[in-house]
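See structure below.
When a ligand or atom number is given, it counts from 1 through the structure's own listing order.
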Amino acid sequence: MPKKIIIFFGPPGSGKGTQAELLAKKTGWKKISTGDLFRAEIAAKTVLGQQVEKYLKAGKLVPDKLTASLVEKNLRQKASGFIFDGFPRNRRQLKDLLDLFKKIIKTSEAIYALEVAVSDGEARERLGQRRLCACGLVYHLVYNPPISAGVCDICGGKLFMRNDDQPKVIAGRLKIYHRQSALLLDYWRKQGRLIKIDGEQAIKKIHEEIMEKLKSLKLV
Ligand code: AMP
């Protein structure tokens, strides 16, 4: 059985992380989210965490070599499929990923890119209203607010804004995304392996559409 590979694309704030998580839960495939992995390294104060912290704070991309070695380590886990969230982000990383597939996965013919499309205005609005808790829960001040302002419903922790969700940093992240994703989306489109989903719908509806598309491709 070829391993299933789904590579999520979408600007910051598109909800692709949430959709990747839902898909991972449904299928049991392993999710490789480079942003989450980097944040975990920073929280654990590892050597890698210390090397990458300044890039995440500034909303800049971590050097490709560091990123590729993190992906390689995770791609060596046992799993019937992998879901990528936040990687690859440029031409170099696409090449690194294709090389890693050849080296580690070998037999996969079931590789698809999945674009969660939202406008920049919507992305900006969502990120500005996003609040996190250290326990991992994510809130939106309008669409998914906590019961008591500023406090996590589940653990009572104080909610905070991601450093890189500040308006100035968001503008830069969106610019980087558009500059670099165009080429990547084009690559998968030409391969006939690009699935596009309207990301400006309810979370559940988007998930259902993703499952339908994957079913029609006999991936699930
Ligand atoms: P994300 O959670 O995907 O928005 O990523 C947050 C931050 O982690 C980015 O702004 C980068 O600093 C870093 N990062 C995540 N994925 C990558 C990647 N593929 N290449 C380089 N840096 C990354």
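Against a heavy-atom cut-off of under 4.0 Å, R173 is close to the following atoms of ligand 1: 4 (O). Per-residue contacts place Y55 under 4.0 angstrom from the following atoms of ligand 1 (heavy atoms of the residue considered): 12 (O).
Heavy atoms of V62 found under 4.0 angstrom from ligand 1 belong to the backbone as well as the side chain. Only backbone heavy atoms of K60 (N, CA, C or O) come within less than 4.0 Å of ligand 1; its side chain stays farther off.
For a threshold of 3.5 Å applied to N or O pairs, the pair formed by T34 and ligand 1 contains at least one separation below that value. Residue L61 places no N or O, backbone or side chain, under 3.5 Å from any N or O of ligand 1.
Pairs engaging residues 134-150 under the side-chain hydrogen bond (donor to acceptor under 3.5 Å, both in side chains) rule: none recorded [sequence neighbours left out].
Within a 6.0 Å sphere centred on CZ of R76, heavy atoms belonging to other residues, nucleotides or ligands number more than 12.
Here the options are M211, E209, K204, the test is side chain to side chain contact (heavy atoms under 4.5 Å, CB included), and the partner is H207; only M211 passes.
Checking V71, L56, I32 against atom 8 (O) of ligand 1, the nearest heavy atom belongs to L56. Considering only non-hydrogen atoms, atom 15 (C) of ligand 1 lies nearest to R89 out of R162, R89, K57.
Heavy atoms only, all atoms of each residue included: I42 and G49 are closest at CG1-O, 3.5 Å.
The side-chain heavy atoms of L217 and I195, taken from C-beta on, include a pair separated by under 4.5 Å.
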